[in-house]
Each structure stands twice: as C-alpha cells, then as structure tokens.
Novice: 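Can you read through this structure? Questions will come right after.
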Amino acid sequence: MTIRQLSIFLENRVGRLATIAKILGDAGQNIRGLSVADTQDFGILRLIVDNVDAAAAVLRQHDVVCHINEVIAVEVASTPGGLAKVLSVFVNTKINIEYMYAIAEPKTSNPVMIFRFSDPEAASQALSQAGMNVYSEKDLLQG
Amino acid sequence: MTELLMKDFVDRAALERLQLERMQNTLDRVYNNVPFYKKAFDDAGVKPTDLKRLQDLAKFPFTMKSDLRNHYPFGLVASDQKDIVRIHASSGTTGKPTVVCYTQEDLGIWSETMCRTLEAGGLTNRDIVQIGYGYGLFTGGLGAHYGAERLGCAVIPMGGGATEKQLLLINDFGTTAVCCTPSFFIHMIEVAEKIGLDLRQTKLRLGFFGAEPWTEAMRNFIVEKTGIKAFDIFGLSEIIGPGVAADCEAHNGLHVFEDHYYPEIIDPDTGEVKAPGEEGELVFTTITKQAMPLVRYRTRDISSLTYEKCACGRTLVRMAKVKRRSDDMMIIRGVNLYPSQVESVILNVEGTEPHYQLVVTREKAMDELEIRVEVTPQVFTDEVKGLENLRNLLGAKIKQLIGISAKITLVEPGTIERSVGKAKRVIDLRNS
C-alpha cells in the first residue's frame, strides 16, 4: 500500500520555497508533511498534501517542475525504540531506504513517517507482515 | 636587425606595389583553380583583371566561414594534392571541423610571420622557448614551434597542460620565453605561487600570449607578478594560424603582416569598407598562400586599422586588439565555442528543446564557463541522483565535444531571461 507524494524541483535561490508555499496556500492546499533534499545548486522539495492532483495542477500552471511518485506512510510508536522497530524489518532484506521524513500533524494516534524505498511494493508487504500499520492515502489524509 | 625583421620597416609605397602584384596573382589563381571562387566572382560580375588598384578589392565577394564548411574538407584547395604537406583543422559547430591545408611554401610563410611575431617582442636565437600551446590539429602549438625554430631559438615542445611540469622545466631548463594562452599562463602563475616557485627568480623574460582575447588588466597582472614582458599575438587557422599580426614593445595595436595577409575593416551589416580608424569587422585576403588562398575572409572579429607610423618604427598597419566578435562565437581558454554546440548536446541528452544560457566569467583571470539549463518536466524525477546524473552527463558531453570543462547549473523553467520569445544565449562578463 502506497501513498502519493509531490516532488518539486527547486533552485537554490532566495524565496523559492516561500513562493511554492504561497501558491499552494492560495490554492487551499494544506501541507501535511515535507522534506527538502538539497545539493549545492538545487534542491528537491517533497510534500504530502491534501490533494496531490490538484496541487500538481496548480504548480504546473505556475511553470513549477513537479513529479508525483509513490512513498509509504508507516505508523511509528511514540516510545523509545519505536523507529528502530520499524527499521528492523529491513535489516536482512535487500530493500534500501532512500529517504524518510515525518508527517507534521498526523490525524492518527501515533506519529507517522514517510519512507521512500528502493522497492515500495516489497517494502509495503514486509511491513504489513511484520504487523506494522501502513496507511492508505485516504486513511492518512482523512483519518 | 635580421633580414626578416627589415620587412616590418618597409617603405609603404613599395609595400603597396608588392601587395597589388601578389593580390592580382592570388585572384587569378583562385579564379582558375577553385570552382567556388570562379562561381562567386562570376555571380558578382567581377574578373581578376578588374583589380587595378588595391582599393578595387572591395568589388570582390566575401568568403564566409560557412563557405569553408560547405566545401568540407578540401573543396577550396587551389593546389595539386601532391603539393599539400600539412593539414590542420579547428573545431566546428556541428562536429565537422574547419579544414586548412598548407604547401611547403605556405609552411615557410607561416614560419616567417610567426618568427617576425616573436622578433617583435625581442626574442633572439639565444632564447629558450617553451611552447605551452596544444600541438595537433590546433595551429597554436606547431605555429609557435616553427616560428621559434626559424628564429633559431632552442624550442621545448611542451604542449598544453601539465602545469607543474611546465614550471619544473621553466626552472630547470632556464626557459626564457613561453608561448601559450594568457589564461593558461595566469594559471601557471597561481600554481607557481602555491608550490613556492618565484617566477621572478627564474630566467623567464618574455611571454607570447594569444588564441583568446585578453585585456590590458591581464597584461598588467602578468607583468606585476612575474616581471616578464607580455606580448599579444593574433592569428586564425583559416588565414594561417598564429602569426597574422603581432604586438610590439609599444603595445599600441598589433602589426599585421600585410605583405602576406591583407586586412580590411568592413561594416558587418552592409559589407562596405570602412575608413582607417573606424571600427568594424576584420576581413583578410591571403596574398601569398598557395594551398588554400582566401579572398576577403570575414573573421567576425571587431577591430580597426591605423596606418600611422608606430612608436616602434614599424610601418606595417596596426589592428586594434580584438575585444569582441560580430557573431555569438566565444573563445574560452583558446577554444572556439558556439552556443549551438551546447544546444545540440542538451538536445541529445534531454531529448527536448532546451532553454539554456552560457555565462562566461573570469575567475582569477582563468576563463570559466557556466551553462545554465532549465529543468524540464520530462527529465525531472524525485531523485537527487537522477538530476546529478543528468548534470554530470551534460558536463561530460560538453567536455567531449568542445574540450573544456563547464559548470552545469540546473535552473527552474522560466528563470532564463527571454527577449522577444528568444532566450539571451550568452552572457560574457569577462571584460566588464
């Protein structure tokens, strides 16, 4: 089970992030989680928003380069060792975590982390088999 | 004064008689031996015999760089194939180089004018000359080499690059003169400082720098840092290579070796010949070359000519230092670069019509090229790695095609300024 994330190309330039946030705000899109991967010259902004299709459409109208892709939302127990327990699922697999970040304000009882795996399907299955709570887009955003 | 050097101090009336005779011979040869020129002269309604005075050259048609490309590789050769002894080539826009051929006599002319170039800077047969230009298809290395050898110098055929080795030889061999691009020499100065070699403590006394435009500020920097005398040399492979015009001690324009390469300045838009002192496009007619004579070849370099006698006593016409070109070709670290070359690389890599911009700067006197490329939705993925791969691939292809390293910067769509729908392709900040 995967959810969709919006990835946006950003130049390392003053005010770019603010501009994107304003476009989404004006379009009534709430940002639920975000992370920025940056290099010396450019960055990639990754967002979980209420309506990924509508958000992508409005950004494209503003000539913003973006891309929709699949990530996995997993509940992580808010106790010591909570994250370690999730990660232990992958220790002896060939599945790599490319990056991860937290949802800012989950509507679920526990924190939710977003993971990008090298193999999202296999990762989702492994997590479910280990009894982890993997969210669908609907459950996460409306739950 | 050597016999060769005396040619630079010739009586102008005698020079003009010589030029007219040589020009008439050249026009006659190309008309009879090169189908391209026969057609061009016929189309323009002129015959070689119409040249009664030097000024009559204005009636004859121009030769463009595209004419060389359209007759690639040997279509403009006026000699028998058996008489060709050398072939050089320079980088072209579409991967096809511009080819130039030489007979034995042409190599002699080239050596002579390159030799006179070096003599104008005070080089003698007691000097040890290190050639830091690339050898090979590029005319810089061999041109400087032959000129220095003709003068009787001890020539070190070092070639380009290998900065520390260059410095080692300057120090250990007691090199007294270097020939290379100005930006490369400035790089040598920086590396020398880093490794603790004081160039003032070596025997180096002269530098001949060319193949790319450079400024008085760079000359001052070189002189200040090293104590050597720095001379500008001008040339282009289509005409012969380095040694078309030379700087003298007066540093007040470059003396054109007009007994071999006849210069004109024209209005690049109308083609009209401009008066002495007026700025315009530099045009050359080779009047002694055998293998590939060119009539009114448009260099795209913007300059002006002055016939006033120089403080050094030379009577040869002087051309102003070239600061810019009339088309968008750039010379970066001595290498010709057209924006269209970059465009073709991006098109091949990305598969889409690219928006890009070339920004040329001079960091610590070394030319730096930045290529800004707008990221398109087609190439964008979620991964940093993907974009870095794209950037590295573009960099590698550019390096492969034009031979220089460029910094590739990925930018957002719409960030490259467009004027009338067309992006401004080149921002050259070197002379600002």
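By convention in this document, chain letters (A, B, ...) are assigned in the order of the sequence lines, proteins followed by strands, and residues within each chain are numbered from 1.
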Novice: Could you tell me which portion of A/L10 (side chain, backbone, both or neither) has an atom closer than 4.5 angstrom to a non-hydrogen atom of chain B?
Specialist: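 When you check distances to chain B, atoms from both the backbone and side chain of A/L10 fall under 4.5 Å.
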Novice: Could you tell me which of B/V384, B/L387, B/V411 has the largest number of non-hydrogen atom pairs under 4.5 Å with chain A?
Specialist: B/V411
Novice: What part of A/F9 is in contact with chain B, defined as an atom under 4.5 angstrom from a non-hydrogen atom: side chain, backbone, both or neither?
Specialist: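 Backbone plus side chain of A/F9, per the 4.5 Å heavy-atom cut-off to chain B.
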Novice: If you round to the nearest 0.5 Å, how far is CD1 of A/I8 from CZ of B/F380?
Specialist: 8.0 Å
Novice: Using a cut-off of under 4.5 Å on heavy-atom pairs, state which of A/L6, A/I44, A/I68 scores highest against chain B.
Specialist: A/I44
Novice: Which donor-acceptor pairs lie under 3.5 Å between chain B and chain A?
Specialist:
from, atom 1, to, atom 2, distance (Å)
B/D382, O, A/R46, NH2, 2.7
B/D382, OD1, A/S7, OG, 2.5
B/D382, OD1, A/R46, NE, 2.8
B/D382, OD1, A/Y99, OH, 3.2
B/D382, OD2, A/Y99, OH, 2.3
B/R391, NH1, A/D41, OD2, 2.9
B/E412, N, A/E11, OE2, 2.7
B/E412, OE1, A/R16, NE, 2.6
B/E412, OE1, A/R16, NH2, 2.3
B/E412, OE2, A/E11, N, 2.7
B/E412, OE2, A/R16, NE, 2.9
B/T415, OG1, A/E11, OE2, 3.4

Novice: Taking only residues at least two apart or on different chains, which pairs with a member in residues 386-415 of chain B satisfy ring pair (Phe, Tyr, Trp, His ring centres under 6.0 Å)?
Specialist: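 For residues 386-415 of chain B: none.
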